[in-house]
Amino acid sequence: MRTKPRMLSPEFTFELWTSEILPEVPIHYAMERRVRLNGASIEVGRFQWQTPIRKLVDHQDDFLTVNLALSPRPSGSSLAHLRRNEIDQPKQLPRILVTVPGGAYELTVPTGTIRSLQCALDLKRIERVAGRQLNLQTIRSQAGSMVVNPAVEMLLNRIEDELKADQYGSDVAIEAYADVLCVELTRSLVAERHSGTLFWGGLAGWRLRRIRERIHADAPAPQLVELADLCGVTVRQLSRAFKAETGTSLGKYIDQVVLDRGRELLTSSDDTLAAIAGRLGFSSSSSFAFAFRRSTGMSPSDFRQRAKLDA
């Protein structure tokens, strides 16, 4: 049975229609930062709940939402797309979760805590910025299976950095990143509709999927030749196509993902720096520390200590 739109807390601004399978589960939500734009709302916050959740969610507003997990999602979390006469096979919740207007989902999560960045983008803003009209029926049919362009993750990370820094020009930077995010999400939608073929001068959807899955795997960072072999192309072809599709080099994207994993391991585990460096593919803890400091401006040890104080 559907309920009226509700808020998880007075600060929570993303409204969802829900119908419960299990009894109501108390969810504590603490918002850290929020930015309101014309046709968009972006915020960082932390969800915490003590009881397993299983619920149906109907996304009834006109916003396409993108959720980036800033801490590991609880093990066993899954999402299934509900279609008219069937339920898709539940899939493990990815780091980036996209929900679309009119999409219906079955969400299952065990007890836990998750810190995330959520961007709600009005479809009208996306169409205005991207310069093309979106077919709502097509978008709904892609819910739950959409391949997110790797550039989307990089943009979300940059938005989170600006929210955290809250420095001169952050508002301008976030506005610009939000516009580019609209373009990249549109590209992802186009990619899904034409999966298996080249589009916008870049890579086919299945190749992007393979690249992303390998780079995000819990294993040392891949070499370019390994990714090229996975896609059945040369390193040169892969590098050029990836740059054309995302606007950034494949090497830079790998470095960004590796350092994001490093931040996650520093905050979610008690592994030594040497152990983390080995898991990420660095030859030593000192080489990891050098790359981490160059990217974040602080050492891994200082970052871990600061994260504990903020927890």
Side-chain angles (χ1 to χ4, degrees), residues 7-16 25-36 40-53 55 57 63 65-79 91-99 105 107-121 148 152-167 170 173-174 177-178 181 216 218 256-271 276 279-280 292 295-298 300-311:
M7 299 182 182
L8 299 181
S9 78
E11 300 285 354
F12 194 65
T13 57
F14 300 102
E15 296 183 348
L16 296 176
V25 178
I27 301 176
H28 178 261
Y29 177 75
M31 187 189 70
E32 298 177 14
R33 293 183 183 276
R34 179 174 62 201
V35 171
R36 293 184 182 276
S41 180
I42 304 172
E43 67 181 66
V44 173
R46 185 186 303 271
F47 294 87
Q48 186 174 17
W49 58 99
Q50 303 297 326
T51 308
I53 299 173
K55 65 167 60 178
V57 179
F63 286 77
T65 63
V66 189
N67 182 281
L68 172 71
L70 300 175
S71 62
R73 297 194 188 277
S75 177
S77 301
S78 66
L79 189 78
K91 297 181 180 178
Q92 179 180 350
L93 280 179
R95 188 183 184 213
I96 299 177
L97 176 63
V98 179
T99 57
Y105 313 87
L107 175 67
T108 303
V109 289
T111 58
T113 300
I114 179 70
R115 183 171 175 269
S116 65
L117 166 74
Q118 181 137 313
C119 298
L121 303 167
V148 178
V152 169
E153 184 169 0
M154 297 188 70
L155 288 165
L156 294 172
N157 284 322
R158 297 283 73 80
I159 289 173
E160 198 263 334
D161 288 342
E162 292 294 340
L163 284 172
K164 185 188 305 180
D166 192 18
Q167 58 189 354
S170 287
I174 291 173
Y177 288 141
L181 183 61
H216 285 268
D218 186 14
Q256 183 62 53
V257 172
V258 167
L259 291 175
D260 285 343
R261 287 184 59 210
R263 283 195 284 264
E264 182 178 311
L265 290 171
L266 287 168
T267 57
S268 65
S269 75
D270 294 323
D271 292 350
I276 292 175
R279 289 180 63 176
L280 298 177
F292 192 89
S295 174
T296 65
M298 65 178 68
S301 298
D302 290 342
F303 178 85
R304 171 175 270 174
Q305 186 62 34
R306 180 176 175 180
K308 289 181 179 179
L309 295 175
D310 292 340

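Keep in mind that what you see is a predicted model, and the values were worked out from it rather than measured.
Using cut-offs of 30° and 60° on the angle between ring planes, the pair Phe292 and Phe303 is perpendicular.
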Before you tell me yes or no, could you show the steps for Leu265 and Leu280 under side chain to side chain contact (heavy atoms under 4.5 Å, CB included), namely the whole-Å CA-CA distance, both residues' side-chain angles and the distance that decides it to 0.1 Å? CA-CA 10 Å; Leu265 290 171; Leu280 298 177; 4.1 Å; yes

Show the numbers, then the answer: is there a salt bridge (charged side-chain N to carboxylate O under 4.0 Å, His left out) between Arg158 and Glu162? CA-CA 6 Å; Arg158 297 283 73 80; Glu162 292 294 340; over 6 Å; no

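Atom CZ of residue Phe47 and atom CD of residue Gln118 lie 6.0 Å apart, to the nearest 0.5 angstrom. Distance check: Ile42 CD1 to Thr65 OG1 gives 12.5 Å after rounding to the nearest 0.5 Å. Rounding to the nearest 0.5 Å gives a distance of 4.0 Å between CD of Gln48 and OG1 of Thr113. In this structure, OG on Ser268 lies 10.5 Å from CZ on Arg261, to the nearest 0.5 angstrom.
Between the side chain of Arg73 and the backbone N or O of Arg95 there is at least one donor-acceptor pair closer than 3.5 Å. Ser116 places no side-chain N or O within 3.5 Å of a backbone atom of Asn67 that could act as its donor or acceptor partner. Between the Arg115 side chain and the Leu70 main chain, no donor and acceptor come within less than 3.5 Å of each other.
The shortest heavy-atom contact between Pro74 and Gly112 is CG-CA, 4.3 Å. Between Ile114 and Ser71 the shortest heavy-atom distance is CD1-O, 3.0 Å. Closest of all the heavy-atom pairs between Ala40 and Leu121 is CB-CD2, 3.7 Å. Residues Cys119 and Ile159 approach most closely at SG-CD1, 4.4 Å, considering heavy atoms. The shortest non-hydrogen separation linking Leu156 to Leu68 is CB-CD2, 3.6 Å. In terms of heavy atoms, Arg304 sits closest to Ile276 at NH2-CD1, 3.5 Å.
In this structure, the side chains of Leu117 and Leu163 come closer than 4.5 Å at one or more pairs of heavy atoms. Residues Asn157 and Tyr177 are not in side-chain contact: their nearest non-hydrogen atoms beyond the backbone lie 4.5 Å or more apart.
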